[in-house]
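These numbers were taken from a predicted model, which means no experiment stands behind them.
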Amino acid sequence: LDEHLGRDRQLAVRATRESLCLYKNRGGVLPLDAKSSGRVAVVGPGAVLGQLLLGNYMEPGVEPADIDRILSGIGRYMGEGADFLAAVQKCGDDAAGNDLACSELVGSAVHYAAGCESVECPDQSLFAAAEAAARGAGATIVVLGLRYDSIGNCLNCTVETPPENCSVSGCESEGFDRISLDLPPNQYALVRRLRLATTGPLIGIFVHGGVFSLKNLNEDLDAMLDAWYPGAAAGEAISDVLFGRYSPAGRTAVTWYQSTDDLPADRSNASWYTPPGYSYRFFQGPKADIALGHGLSNSFSQENTGVFYVSSQLFFTETITV
């Protein structure tokens with residue numbers, strides 16, 4: 001049984017590694033050097049939450065103890081001991097996947113500050129502690145994004161709901177359309193405050209399913225690593241990229257638009273293949289934040305900035321050159 005579980009774990013790590021997409025690495029801030037980085041600050045509730053990492057299409061029965069948190073992986077690379085790792089587990093051990101049991105953990109080399117009490121980040125009451133952690137660190141890692149929920153549990157806001165009755169909740173699920181591409185507003189504000197608090201590298205890790213508008217993240221973050229919903233092996237796989245054991249090669253499978261206003265109007269009867277159509281092939285708006293197919297490596301750039309439309313049909317006898 002132990003051998004079987006070990007193989008499953010190895011497969012989970014590999015699957016997560018291969019799905020990670022590095023969108024930005026300004027100045028080559030990644031990979032980090034655990035020996036020379038000094039203290040590392042880690043911010044955001046997504047760093048300790050467990051169920052959040054699984055998304056809502058996971059196999060039932062995954063125990064909280066089997067989920068490798070992002071902060072746990074970083075802690076191991078930075079040499080934190082068993083007491084710190086146990087505290088990480090306890091801090092994010094919750095049934096709903098969105099509630100924190102603690103807002104701050106201080107280890108010998110890692111300082112965790114939640115910054116937000118939940119993914120929704122309803123207020124800025126925890127910002128000051130996060131800023132203090134960033135000021136005292138050689139590098140800061142902030143976990144951002146959305147959260148899944150079961151069908152019907154997301155805030156009941158649709159395009160038909162009056163705007164005054166809605167808010168950007170950061171919640172996503174099957175059968176629920178988000179009313180905006182934005183993250184919860186205080187997540188953008190938190191990154192801005194962290195950028196002002198530190199001159200060291202500021203690295204963003206994205207945990208989510210649907211895409212979101214980058215806004216100030218584009219400028220404020222030195223590196224952007226997309227983990228999607230990374231699964232139970234998240235801590236090891238993500239940290240392997242952060243600290244250079246694995247060089248990412250993922251490519252985004254979707255277009256990241258700048259704002260909700262850039263999305264096309266309802267074209268439910270439009271063709272997938274001919275104009276005016278819908279999908280990225282017919283996009284006429286401003287340049288996307290991240291183009292379909294974009295992804296970098298730690299050591300060199302491997303970009304495919306888009307797929308060019310050749311014809312309405314491609315037959316087996318035809319070829320295309322990219």
[X]/[Y] ion pair, N-O < 4.0 Å:
X	Y	value
Arg26	Glu219	yes
Arg192	Asp220	yes
Asp262	Lys287	no
Asp182	Lys215	yes

(message) With a sphere of 6.0 Å drawn around CZ of Arg14, does it hold more than 12 non-hydrogen atoms of other residues, nucleotides or ligands?
(response)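 No - once you tally the heavy atoms of other residues, nucleotides and ligands closer than 6.0 Å, there are 12 at most.
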(request) Tell me, yes or no, whether the heavy-atom count around Asp123 atom CG, taken from other residues, nucleotides or ligands under 6.0 Å, exceeds 12. (result)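 Yes, the 6.0 Å shell around CG holds more than 12 heavy atoms from other groups.
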What I'd like to find out is whether the side chain of [X] reaches to under 4.5 Å of the side chain of [Y], using heavy atoms alone.
X	Y	result
Val211	Ile290	no
Cys121	Phe127	yes
Leu144	Leu217	yes
Leu225	Ile238	yes
Trp256	His294	no
Asp68	Leu53	no
Arg147	Leu49	no
Pro122	Glu117	yes

(request) Apply the side-chain contact (heavy atoms from CB on, under 4.5 Å) test between Cys116 and each candidate in Leu190, Val43, Val143; give the one that qualifies. (result)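 The residue from Leu190, Val43, Val143 that satisfies side-chain contact (heavy atoms from CB on, under 4.5 Å) with Cys116 turns out to be Leu190.
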Can you see which heavy atom on [X] is nearest to which on [Y], and at what distance?
X	Y	answer
Leu20	Ala237	CD1-O, 3.8 Å
Gln258	Asp289	CG-OD1, 3.3 Å
Ala65	Gln89	CA-NE2, 3.0 Å
Arg195	Asp222	NH1-OD2, 2.8 Å
Thr255	Ala288	CG2-CB, 3.6 Å
Pro45	Ala114	CD-O, 3.5 Å

In terms of hydrophobic clusters joined by side-chain contacts under 4.5 Å, are [X] and [Y] together?
X	Y	value
Leu126	Tyr188	no
Leu146	Tyr23	yes
Leu22	Val13	no
Leu183	Val254	yes

Do [X] and [Y] have side-chain N/O donor and acceptor atoms under 3.5 Å apart?
X	Y	answer
Ser108	Glu80	yes
Ser247	Ser297	yes
Glu172	His208	no

Output yes when a side-chain donor or acceptor of [X] lies under 3.5 Å from a complementary backbone atom of [Y], and no otherwise.
X	Y	answer
Arg69	Val48	yes
Glu104	His111	no
Ser19	Thr16	yes
Tyr257	Leu181	no
Asp240	Tyr246	no

(request) Check step by step if side chain to side chain contact (heavy atoms under 4.5 Å, CB included) holds for Leu242 and Ile205. (result) CA-CA 10 Å; Leu242 292 176; Ile205 298 174; 4.0 Å; yes
(request) Kindly write out the residues that satisfy side chain to side chain contact (heavy atoms under 4.5 Å, CB included) with Leu85, not counting sequence neighbours, or none if the list is empty. (result)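 By the side chain to side chain contact (heavy atoms under 4.5 Å, CB included) rule, Leu85 matches Ser72, Arg76.
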(request) With sequence neighbours excluded, tell me which residues meet ring-ring contact (aromatic ring centres under 6.0 Å, His included) with Phe84. (result)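 With neighbours one apart ignored, the set is empty.
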(request) For Val207 and Asp226, run side chain to side chain contact (heavy atoms under 4.5 Å, CB included): C-alpha distance rounded to whole Å, both residues' side-chain angles, the deciding distance at 0.1 Å, then the answer. (result) CA-CA 7 Å; Val207 175; Asp226 196 350; over 6 Å; no
(request) Any chance you could lay out the side chain to side chain contact (heavy atoms under 4.5 Å, CB included) test for Arg135 and Thr198, step after step, and finish with the verdict? (result) CA-CA 5 Å; Arg135 277 194 293 269; Thr198 179; 5.8 Å; no
(message) With a 6.0 Å cut-off on the ring centroids, do Phe206 and Trp228 count as close?
(response)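 No, they do not, as the ring centres are separated by 6.0 Å or more.
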